[in-house]
Amino acid sequence: MEQINNIQVVPCTSSNYLKPFTVHYSQNGTKKSWDFMRTHDSVSVLIFNTTSHCFILVKQFRPAVYMCEWERTKPAPPQPEGEQGGEGANPAAPEEPKAPQEGEEAANQPDQPPASAGVTYELCAGLVDKPNLSLEEIARQEVLEECGYDVPVTKLRRITSYRSGVGVTGAKQTMFYAEVSDENRVGEGGGKPQEGELIEVIKVPLHEAMTFAFDESIPKTMGVIFSFTWFHSNMSPKYKISTNV
């Protein structure tokens with residue numbers, strides 16, 4: 001997770017996860033069009049360990065976050081072949097590093113951000129891509145694979161569902177809550193390396209949760225902030241422990 005190099009950026013011509021489309025339609029008599037991506041819905045799980053009174057999160061490198069951060073902070077991130085400017089574009093300054101071309105590998109460039117720029121803290125989550133399983137069963141599998149806890153489906157409490165990426169994907173995510181104990185820990189978690197997952201399991205003490213949620217220096221998903229706030233409103237009185245609001 002700490003070493004990111006040999007970056008290549010190429011056009012995405014085929015994907016099992018994203019399919020781009022343009023929809024044309026009329027709204028109140030006005031013709032419009034919109035580009036969007038079709039992708040899988042997903043589940044996420046807020047996990048609370050009742051033995052140690054802490055939340056269980058996952059920490060992992062996200063290439064999309066990394067590339068967005070590179071684009072935000074540096075003038076010349078790698079660009080796919082054919083998207084590096086066209087007629088009328090300003091030529092790159094001589095001192096700028098040359099972006100890798102399609103099919104080429106590039107060593108670390110001088111302006112390449114550290115790997116930490118793409119690391120985020122998230123709820124345990126996964127895609128809804130198994131039509132024979134319920135949302136609860138998919139959530140249970142993700143908790144086991146990513147965090148190492150064996151949670152019965154009956155112990156999963158549905159919090160809510162919502163749309164994410166409404167301007168691009170419109171996918172739905174369903175959020176669950178699960179209480180676990182150290183007795184439920186049957187493995188180390190970490191995801192499936194054979195599928196490219198490299199996940200670190202993180203514990204956030206309950207009394208530090210709200211400070212963690214709103215600390216902008218800690219990169220995290222909106223799901224973390226929302227779920228910690230939900231827990232503070234709905235569950236913290238049960239444990240009579242301040243979530244440090």
### Query
How many angstroms lie between atom SG of C54 and atom CG of N49, to the nearest 0.5 angstrom?
4.5 Å
### Query
Taking all atoms of both residues into account, what is the closest heavy-atom pair of K19 and F21, and its distance?
O-CD1, 3.2 Å
### Task
Could you tell me which non-hydrogen atom of T39 sits nearest to which non-hydrogen atom of A171, and how far apart they are?
CG2-CB, 3.9 Å
#### Entry: Beyond-backbone contact of L123 with V45, side-chain heavy atoms, under 4.5 angstrom
no
## Note on the structure
Between A178 and L156, the two heavy atoms sitting closest are CB-CD2, 3.7 Å
### Neighbour count above 12 (heavy atom, 6.0 Å) for Y17 OH
no
### Task
Go through the steps to decide whether D215 and K220 satisfy the test salt bridge (charged side-chain N to carboxylate O under 4.0 Å, His left out), and finish with yes or no.
CA-CA 9 Å; D215 184 345; K220 67 187 75 68; 5.9 Å; no
#### Entry: Test item: R185 side-chain N/O and C147 main-chain N/O as donor-acceptor pair under 3.5 Å
yes
### Summary
When rounded to the nearest 0.5 Å, the distance separating OG1 of T50 from CG of L206 is 11.5 Å
### Query
Is there a donor-acceptor contact under 3.5 Å linking the side chains of E122 and T221?
no
### Shared hydrophobic cluster for F176 and V224 (ILVMFWY, side-chain gaps under 4.5 Å)
no
### Query
Salt bridge check: are E137 and R140 linked by an N-O gap of less than 4.0 Å?
no
### Task
Could you tell me the separation between the CG atom of D182 and the OG1 atom of T51, rounded to the nearest 0.5 Å?
4.0 Å
### Query
Rounded to the nearest 0.5 Å, what separation is found between the CG atom of L133 and the CD1 atom of I138?
5.5 Å
### Query
Would you say S233's side chain and T229's backbone share a donor-acceptor pair under 3.5 angstrom?
yes
#### Entry: Atom CG of N28: over 12 foreign heavy atoms under 6.0 Å
no
### Task
Answer yes if W70 and F61 sit in the same cluster of Ile, Leu, Val, Met, Phe, Trp and Tyr residues linked by side chain heavy atoms under 4.5 Å apart, and no otherwise.
yes
### Message
Let me confirm one number: the OG1-CD distance from T174 to E136, rounded to the nearest 0.5 Å.
### Response
8.5 Å
### Message
Do F48 and L57 sit in one hydrophobic cluster, given that two such residues count as connected whenever their side-chain heavy atoms are within less than 4.5 Å of each other, even indirectly?
### Response
yes
### Task
Report yes if some heavy atom in the side chain of T22 is under 4.5 Å from a heavy atom in the side chain of F36; otherwise report no.
no
### Message
Can a donor-acceptor pair be found, under 3.5 Å and without considering hydrogens, that links the side chain of Y149 to the backbone of S181?
### Response
no
### Query
Atom OG of S15 and atom CE of M37: how far apart are they, to the nearest 0.5 Å?
8.0 Å
### Message
Please determine whether residues M222 and I202 belong to a single hydrophobic cluster, defined as Ile, Leu, Val, Met, Phe, Trp and Tyr linked transitively by side-chain heavy-atom distances below 4.5 Å.
### Response
yes
#### Entry: Residue pair F228 / A213: nearest heavy atoms and the distance that separates them
CD2-CB, 4.0 Å
### Summary
Shortest non-hydrogen pair, S227 vs L46, comes out as O-CD2, 3.5 Å
### Task
Can you see which heavy atom on M175 is nearest to which on G223, and at what distance?
CE-O, 3.8 Å
#### Entry: Flag, side chain of S164 to backbone of K172, donor-acceptor distance under 3.5 Å
no
### Query
Does a side chain donor of either Y121 or E200 reach within less than 3.5 Å of an acceptor in the other side chain?
no
#### Entry: Worked verdict on I56 versus K203 for side chain to side chain contact (heavy atoms under 4.5 Å, CB included)
CA-CA 5 Å; I56 307 299; K203 295 182 178 181; 3.8 Å; yes
### Query
Looking at F55 versus F212, is the centre-to-centre ring distance below 6.0 Å?
no
### Distance flag, aromatic centroids of W230 and Y177, threshold under 6.0 Å
yes
### Hydrophobic cluster identity match, F231 and Y162, side-chain contacts under 4.5 Å
yes
### Chi angles and distances behind the side chain to side chain contact (heavy atoms under 4.5 Å, CB included) call for I47, C124
CA-CA 8 Å; I47 305 170; C124 171; 4.0 Å; yes
### Query
Is there a donor-acceptor contact under 3.5 Å linking the side chains of Q173 and S42?
yes
#### Entry: Non-hydrogen side-chain atoms of Y25 and S33 separated by less than 4.5 Å
no
### Task
With the side chain counted from C-beta on, respond yes when E179 and M235 share a heavy-atom pair under 4.5 Å apart, and no when they do not.
yes
### Query
Donor-acceptor pair, R62 side chain versus V119 backbone, under 3.5 Å?
no
